[in-house]
Structures are given as C-alpha cells and as structure tokens.
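In this text the structure is predicted, and so the values were computed from the model without any measurement.
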Amino acid sequence: PIRATGVGRERRPRPRPAVPRWAIGLVLVLALVAALYALGNRTGNAPTPTPTPTPPARTPAASTPGSGATGHPATATTTPKRRRVVTLRFVPTGSVYVCLLGDGRKLINKLVLMPGVKQPVYRARKFTLTLGNGDVKLVANGAVLTVPQVNNGIGYELTTAGRKILPAGRRPTCA
C-alpha cells in the first residue's frame with residue numbers, strides 16, 4: 001500500500017536522559033574544585049590557621065549574704081586548646097645538611113637541601129634535627145625561626161612548647 005509520508009505515523013516523544021547534562025557538568029566542576037583543594041592542602045600551601053584567643057575563664061563567685069544558698073551560678077572553665085602536633089618546613093637559603101627525626105622516626109636521612117627547591121611540610125608531636133650550618137630558615141607552626149651560622153652544626157628539639165637547642169651529644173645522626 002502507498003501512503004503519504006507522515007500520515008498515520010504516531011510521533012513518539014524522545015526519552016529524556018536519566019540525568020540532565022547540566023547536573024553532570026556541575027558534578028565534574030565540583031570534583032575538580034575538591035581535587036584542587038586536596039592538592040593544595042597536601043603540599044602545604046594553605047596558610048596555617050591561627051588559633052583564636054579565648055576569653056579568660058570566669059570563676060564562680062562565692063556565696064554572699066542575700067544571694068541565696070547557692071550564690072552565683074558556676075560557669076564552666078575552659079582551657080585553650082593547644083596544638084598537639086608541630087608543622088615544620090625548611091626554607092634553605094644555601095645548601096645545608098639536614099637530619100630530621102619526627103616522633104623518633106627518620107624523616108630526612110642525611111639530605112642536603114638546596115635553595116629554590118620547595119620542601120614538604122612535616123608533622124609530628126616532637127622533632128629532633130641536626131643542621132650542618134645556618135643556611136636555612138625553619139617554619140614551625142607558621143612562625144619563621146632563624147638559624148645562626150655555625151661551623152660544626154647545630155641541633156634542635158621542636159615541640160608545641162617551642163624550640164630548644166640540643167647539645168652535641170643529643171643531636172640526631174643520620175649516618
């Protein structure tokens with residue numbers, strides 16, 4: 001049988017995709033942003049957040065006559081949160097020998113750092129390190145610590161409490 005084109009044919013609507021194209025694009029953009037954020041935090045480029053100062057804790061007042069048997073309501077005393085780990089990054093200004101132990105493990109073993117080469121950020125509760133000379137700056141918890149020029153090396157212990165110079169017998173050796 002001959003019939004005219006388009007006559008007698010039913011038009012079927014196209015099936016819609018299960019997920020709209022704009023949703024797929026949005027997911028890809030969010031994945032890219034998350035990947036860049038994770039990469040930035042991994043390399044230590046993100047600034048270290050500074051702790052916000054907490055107001056001084058109030059102590060409960062003693063019971064005074066006329067204030068009732070309980071006195072003033074007691075307020076919870078809060079202690080400021082202290083950092084539990086130290087973050088450490090080396091910024092070499094010349095070639096410098098480094099031996100670094102973090103929590104007793106060797107993190108840098110007999111390495112000579114060169115200026116202009118970006119160094120990773122190390123994290124530990126306690127660092128002990130030996131430096132061959134003063135051609136390096138230490139960035140500990142965001143604070144820049146200078147190292148004096150020395151001929152026979154210098155050793156440090158870094159904790160959340162601060163930096164302490166180690167005598168020659170207590171310096172780590174990475175031989």
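Through chains of ILVMFWY side-chain contacts below 4.5 Å, I24 is grouped with V19, L28.
For V27, there are no side-chain contact (heavy atoms from CB on, under 4.5 Å) partners, not counting sequence neighbours. Partners of N133 by side-chain hydrogen bond (donor to acceptor under 3.5 Å, both in side chains), not counting sequence neighbours: none found. With sequence neighbours left out, K126 forms a salt bridge (charged side-chain N to carboxylate O under 4.0 Å, His left out) with E157.
To the nearest 0.5 Å, atoms OG1 (T87) and CZ (R123) are separated by 6.5 Å. Taking CZ of R21 as the reference point, atom CG of L26 lies at 16.0 Å (rounded to 0.5 Å). The CG atom of N141 lies 12.5 Å from the CZ atom of R89; values are rounded to the nearest 0.5 Å. Within the model, atoms CZ of R105 and OH of Y122 stand 11.5 Å from one another, a figure rounded to the nearest 0.5 Å.
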Give the table of side-chain donor-acceptor pairs shorter than 3.5 Å for residues 92-101, with sequence neighbours excluded, one pair per line with atom names and distance.
residue: T93; atom: OG1; partner: D135; partner atom: O; Å: 3.2

Show every donor-acceptor pair shorter than 3.5 Å between a side-chain atom in residues 161-175 and any protein atom, with sequence neighbours excluded, or say none if there are none.
residue: R163; atom: NH1; partner: T146; partner atom: O; Å: 2.9
residue: R171; atom: NH1; partner: G153; partner atom: O; Å: 3.4

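Under a hydrophobic-cluster definition in which Ile, Leu, Val, Met, Phe, Trp and Tyr are linked whenever side-chain heavy atoms come within less than 4.5 Å, directly or via other members, W22 and V29 are assigned to different clusters. I154 and V91 fall into different hydrophobic clusters, defined by Ile, Leu, Val, Met, Phe, Trp and Tyr side-chain heavy atoms under 4.5 Å apart, directly or through other members.
Residues L158 and L145 come closest through the heavy atom pair CD2-CD1, 4.1 Å.
Between V144 and L138, the closest side-chain pair of non-hydrogen atoms is not below 4.5 Å. In this structure the side chain of V139 never reaches within 4.5 angstrom of the side chain of F90, judged on heavy atoms. Y156 places none of its side-chain heavy atoms less than 4.5 Å from the side chain of T130.
The local environment of NZ in K137 is sparse, with at most 12 non-hydrogen atoms from other residues, nucleotides or ligands closer than 6.0 Å.
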